Every structure is written in structure tokens, then in C-alpha cells.
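Step one of this worksheet: look at the structure below.
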Amino acid sequence: QVQLVESGGGLVQAGGSLRLSCAASGVSVSFYGMGWFRQAPGKDREFVAAISGLGGPTYSADSMKGRFTVSKDNAKNTVSLQMNSLKPEDTAVYYCAAALRLRTARLSNEYNYWGQGTQVTVLS
């Protein structure tokens with residue numbers, strides 16, 4: 001059974017930082033492409049960042065490049081999202097997802113498994 005469990009969300013002031021983690025079981029982050037998406041109230045789910053399996057490339061949404069960094073720890077089977085210089089518009093539920101094979105990495109339908117999400121709220 002595959003489980004992806006996000007943690008690290010919370011309240012933060014604008015300009016602050018948060019680090020989200022995704023603990024995976026039933027899939028190996030070494031082999032799977034791992035992505036982060038977010039969904040704000042009333043908006044569609046939006047791609048944030050992704051990291052390929054087997055040492056492949058990372059991907060970032062243009063609007064978050066330079067502020068958000070995705071990484072993984074194969075030994076711990078976790079994926080992290082470091083978020084810096086947070087803005088109120090970054091407020092959303094953030095989801096971790098796993099894909100057997102990444103194509104664009106930016107489309108939610110590429111991902112086979114999803115976590116339940118963690119809330120990030122950035123205060124102005």
C-alpha cells in the first residue's frame with residue numbers, strides 16, 4: 001500500500017521560510033518521480049516543483065524559481081520542499097505526489113499517488 005504523508009505546513013509571516021517534507025512508503029523515491037503541487041481556495045491545483053527518479057533533473061514552476069527548492073533523501077525515502085521568501089499568494093494546501101514515470105512533470109495526471117496535503121498560510 002502506497003502512502004505519502006506531508007508535514008511541515010503552518011503559519012508564517014510574509015518573507016519567512018518553511019520546509020515541507022513528504023514521507024513515502026510503498027514507493028521508492030529513488031525510482032519514482034516526486035512532485036509538489038498546491039491548491040488555493042477556489043483555484044485549480046498548480047504545479048510547484050518536481051524531482052526525477054534515478055538522479056534525473058528537477059523542475060520548478062517559473063513563478064517559484066529561486067524561492068522554492070525540491071530535494072530528496074533516498075536513505076530516508078523522503079522528499080522535501082524548501083520554501084523561502086514566502087508571499088501571501090503562496091497560501092494553499094500543498095500536496096506531495098509520486099509518478100512512476102515523469103513526462104513533463106507539470107501535469108497532475110502524470111502522477112499515480114497523492115498525499116493528503118498540508119496547509120501553508122502566509123500572513124501579510
Side-chain angles (χ1 to χ4, degrees):
Q1 183 179 357
V2 175
Q3 276 196 310
L4 302 175
V5 180
E6 301 95 336
S7 61
L11 287 170
V12 64
Q13 294 286 339
S17 299
L18 279 176
R19 185 176 182 87
L20 305 183
S21 291
C22 172
S25 58
V27 295
S28 171
V29 304
S30 300
F31 298 105
Y32 273 69
M34 302 298 297
W36 287 95
F37 287 75
R38 69 185 186 185
Q39 189 164 18
K43 295 190 176 181
D44 292 335
R45 192 166 294 189
E46 177 186 25
F47 170 73
V48 175
I51 185 165
S52 301
L54 298 174
T58 60
Y59 308 82
S60 293
D62 288 343
S63 61
M64 297 161 223
K65 275 182 183 174
R67 297 193 301 127
F68 291 7
T69 303
V70 61
S71 61
K72 62 181 178 178
D73 186 328
N74 291 336
K76 295 182 179 179
N77 212 32
T78 59
V79 179
S80 296
L81 181 69
Q82 178 67 41
M83 305 187 295
N84 299 326
S85 302
L86 283 161
K87 306 174 183 180
E89 52 264 42
D90 294 319
T91 294
V93 177
Y94 283 71
Y95 297 91
C96 174
L100 183 58
R101 182 192 302 174
L102 288 179
R103 296 187 298 278
T104 73
R106 291 169 171 79
L107 301 177
S108 59
N109 62 12
E110 294 182 31
Y111 293 82
N112 306 99
Y113 305 103
W114 291 84
Q116 293 299 308
T118 185
Q119 176 70 47
V120 171
T121 302
V122 184
L123 305 174
S124 58

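All residue numbers refer to positions in the sequence shown, counting from 1. It should be emphasised that the depicted structure is a prediction, and the values quoted were computed from it without experimental measurement.
Taking the side chain as every heavy atom from C-beta outward, T78 and S21 never approach each other to under 4.5 Å.
Closest of all the heavy-atom pairs between S63 and E46 is OG-OE2, 4.4 Å. Of all heavy-atom pairs between Y32 and A98, the closest is CD2-CB, 4.0 Å. Closest approach of A105 and A50 over heavy atoms only: CB-CB, 3.9 Å. Contact detail for G9 and V120: the closest heavy-atom pair is CA-CG2, 4.1 Å. Of all the heavy atoms in K72 and G53, the pair that sits closest is NZ-CA, 3.5 Å.
R106 places no side-chain N or O within donor-acceptor distance of the main-chain N or O of F47, the cut-off being under 3.5 Å. Using modelled atom types, no side-chain atom of Q39 and backbone atom of A92 make a donor-acceptor pair closer than 3.5 Å. Between the side chain of N84 and the main chain of G66, no donor-acceptor pair closer than 3.5 Å is present.
Here SG of C22 is found 10.5 Å from CG of L81. Values are rounded to the nearest 0.5 Å. Separation of atoms CZ (R19) and OG (S7) is listed at 10.5 Å; rounding is to 0.5 Å. In this structure, S52 OG and L102 CG are separated by 5.0 Å, a value rounded to the nearest 0.5 Å. To the nearest 0.5 Å, atom CZ of residue R67 and atom OG of residue S85 are 7.0 Å apart. Remark: E89 CD to S124 OG distance equals 10.0 Å, nearest 0.5 Å.
Both V79 and V2 are assigned to one and the same hydrophobic cluster, defined by single-linkage of ILVMFWY side chains at heavy-atom distances under 4.5 Å. V29 and F68 fall within a single hydrophobic cluster, where Ile, Leu, Val, Met, Phe, Trp and Tyr side chains are chained together by heavy-atom contacts under 4.5 Å. Taken together through direct or relayed side-chain contacts under 4.5 Å among Ile, Leu, Val, Met, Phe, Trp and Tyr, Y59 and V48 form parts of separate hydrophobic clusters. No chain of hydrophobic side-chain contacts below 4.5 Å, direct or via other Ile, Leu, Val, Met, Phe, Trp or Tyr residues, connects W114 to L4. One hydrophobic cluster, built from ILVMFWY side chains closer than 4.5 Å, cannot hold both V5 and M34; they sit in different ones.
Defined by atom type and a distance below 3.5 Å, a donor-acceptor pair is missing between the side-chain atoms of Q82 and S71.
Shown here is D44, whose CG atom has no more than 12 heavy atoms of other residues, nucleotides or ligands within 6.0 Å. For R101, the CZ atom sits in a loose shell: 12 or fewer heavy atoms of surrounding residues, nucleotides or ligands are nearer than 6.0 Å.
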(request) Given side-chain contact (heavy atoms from CB on, under 4.5 Å), test Q119 with T91 step by step and report yes or no. (result) CA-CA 8 Å; Q119 176 70 47; T91 294; 4.0 Å; yes
(message) I'd like to know whether L20 forms a side-chain contact (heavy atoms from CB on, under 4.5 Å) with E6, so could you lay out the CA-CA distance, the side-chain angles of the two residues, the decisive distance to 0.1 Å, and finally the verdict.
(response) CA-CA 7 Å; L20 305 183; E6 301 95 336; over 6 Å; no
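Aromatic ring centres of F37 and Y111: separated by under 6.0 Å.
A salt bridge does not link K87 with D90: every distance from a Lys NZ or Arg NE/NH1/NH2 to an Asp or Glu carboxylate oxygen is 4.0 Å or more.
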